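Everything numeric here is computed off the predicted structure, so don't read it as measured data.
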Amino acid sequence: MDVLILLLLLLLAFGVVLAVQSAAAAQVPVTPATPLLVLGCPRGWVGCNGVCYYFSKNYSSWEQAEERCSELGASLAILKDEEEMGLLFRLRGNGDYWLGLRRRGERLHWGDGSSYSSRVPVLGNSDCVYLGDGERFRSENCSKERPYVCSKAQAPL
């Protein structure tokens with residue numbers, strides 16, 4: 001009888017060890033080599049330098065895209081540096097995505113009110129800006145429907 005109890009306890013301990021190992025294997029270990037694309041962003045979003053980006057598959061006008069991003073706790077993508085711009089140009093594939101950049105009078109402004117001050121050219125004189133081909137921004141009538149990119153701060157880990 002004591003042997004049977006000992007075998008049951010060993011079997012139970014073995015099951016606990018397997019459960020702990022499989023749970024640990026399901027998590028992504030955080031090491032210096034862990035890509036930022038995994039950390040702190042919701043599933044389906046891409047991370048870079050503390051910002052999460054979401055590439056929609058739905059087509060919307062610029063205003064509708066801003067509303068949809070807001071529903072996700074984000075805004076149309078605001079890009080602050082050349083590294084972020086380069087990342088989005090690489091990830092965009094063949095799509096042209098609305099950004100949170102819009103013409104106000106003669107000047108371009110991001111959705112947070114900051115002025116556009118990049119060396120990346122914006123082609124065209126329309127009001128709303130999208131990620132175009134050839135690592136350029138292009139402008140278009142805001143009512144045109146196209147996919148969009150949302151951005152928000154990464155959640156703390």
Side-chain angles (χ1 to χ4, degrees), residues 18-157:
L18 284 178
V20 168
Q21 283 181 339
S22 72
Q27 296 176 359
V28 177
V30 178
T31 67
T34 301
L36 289 176
L37 301 179
V38 179
L39 303 176
C41 293
R43 170 173 261 125
W45 293 62
V46 176
C48 177
N49 293 337
V51 179
C52 298
Y53 299 97
Y54 172 74
F55 286 79
S56 79
K57 292 178 177 56
N58 299 323
Y59 282 65
S60 297
S61 69
W62 193 93
E63 288 86 2
Q64 290 168 332
E66 181 64 27
E67 287 176 28
R68 293 212 167 81
C69 289
S70 180
E71 291 167 3
L72 297 171
S75 66
L76 276 173
I78 298 170
L79 309 176
K80 293 298 183 183
D81 61 41
E82 307 295 324
E83 182 181 355
E84 292 177 30
M85 291 177 190
L87 173 72
L88 292 193
F89 279 120
R90 286 190 303 277
L91 294 175
R92 69 175 267 285
N94 292 327
D96 294 334
Y97 294 86
W98 284 127
L99 296 172
L101 185 59
R102 189 170 182 162
R103 194 172 309 280
R104 307 270 184 220
E106 296 294 314
R107 311 243 336 139
L108 290 167
H109 293 278
W110 292 107
D112 65 0
S114 61
S115 293
Y116 180 70
S117 59
S118 173
R119 294 186 308 259
V120 176
V122 176
L123 303 178
N125 292 316
S126 296
D127 287 341
C128 294
V129 177
Y130 65 94
L131 275 174
D133 58 349
E135 296 203 7
R136 293 190 179 136
F137 294 142
R138 297 182 182 275
S139 64
E140 179 81 69
N141 184 308
C142 300
S143 62
K144 169 90 171 155
E145 293 194 349
R146 63 178 68 252
Y148 50 92
V149 183
C150 303
S151 66
K152 65 180 177 180
Q154 283 184 344
L157 296 177

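The distance between the ring centers of Phe89 and Tyr97 does not fall below 6.0 angstrom.
Note: Asn125 CG to Ser139 OG = 6.0 Å, rounded to the nearest 0.5 Å. Distance check: Trp110 CH2 to Leu79 CG gives 4.0 Å after rounding to the nearest 0.5 Å. Between the CZ atom in Arg138 and the CG atom in Asp96 there is a gap of 8.0 Å [rounded to 0.5 Å]. The distance from the OH atom of Tyr53 to the CG atom of Leu88 is 5.5 Å, given to the nearest 0.5 Å. Rounded to the nearest 0.5 angstrom, Ser115 OG and Arg107 CZ are separated by 4.5 Å. Rounded to the nearest 0.5 angstrom, Asn49 CG and Asp81 CG are separated by 6.0 Å.
Between the side chain of Lys152 and the backbone N or O of Leu72 there is at least one donor-acceptor pair closer than 3.5 Å. Not one N or O on the side chain of Trp62 forms a donor-acceptor pair closer than 3.5 Å with the backbone of Gly100.
At a threshold of 4.5 Å between non-hydrogen side-chain atoms, the residues Val129 and Tyr116 do not count as touching. Looking at Trp45 and Cys150, their side chains come closer than 4.5 Å, going by heavy atoms from C-beta outward. Taking 4.5 Å as the limit, every side-chain heavy atom of Tyr130 sits out of range of all side-chain heavy atoms of Lys144. Counting heavy atoms from C-beta on, the side chains of Trp98 and Glu66 never come closer than 4.5 Å. Between Arg146 and Cys128 there is no side-chain heavy-atom pair separated by less than 4.5 Å. Looking only at side-chain heavy atoms (C-beta outward), Leu131 and Phe137 come within less than 4.5 Å of each other.
The two residues Asp127 and Cys142 have their closest heavy-atom pair at CB-SG, 3.7 Å. Between Cys69 and Tyr148, the shortest heavy-atom contact is SG-CD1, 3.7 Å. Minimum heavy-atom separation, Ser151 to Ala74: O-CB, 3.1 Å. Taking every heavy atom of both residues into account, Met85 and Val120 meet most closely at SD-CG2, 3.7 Å. Closest heavy-atom contact between Cys48 and Leu87: CB-CD2, 3.3 Å. Across all non-hydrogen atoms, the minimal contact from Ser126 to Arg103 is O-NE, 3.0 Å.
Counted by atom type alone, Ser60 and Arg68 present one or more donor-acceptor pairs between their side chains at under 3.5 Å. When only modelled atom types and interatomic distance are considered, Ser143 and Asn141 share a side-chain donor-acceptor pair under 3.5 Å.
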*For Asp112 and Ser114, what are the C-alpha separation, side-chain angles and deciding distance, and is it a side chain to side chain donor-acceptor pair (under 3.5 Å)?*
CA-CA 6 Å; Asp112 65 0; Ser114 61; 2.7 Å; yes

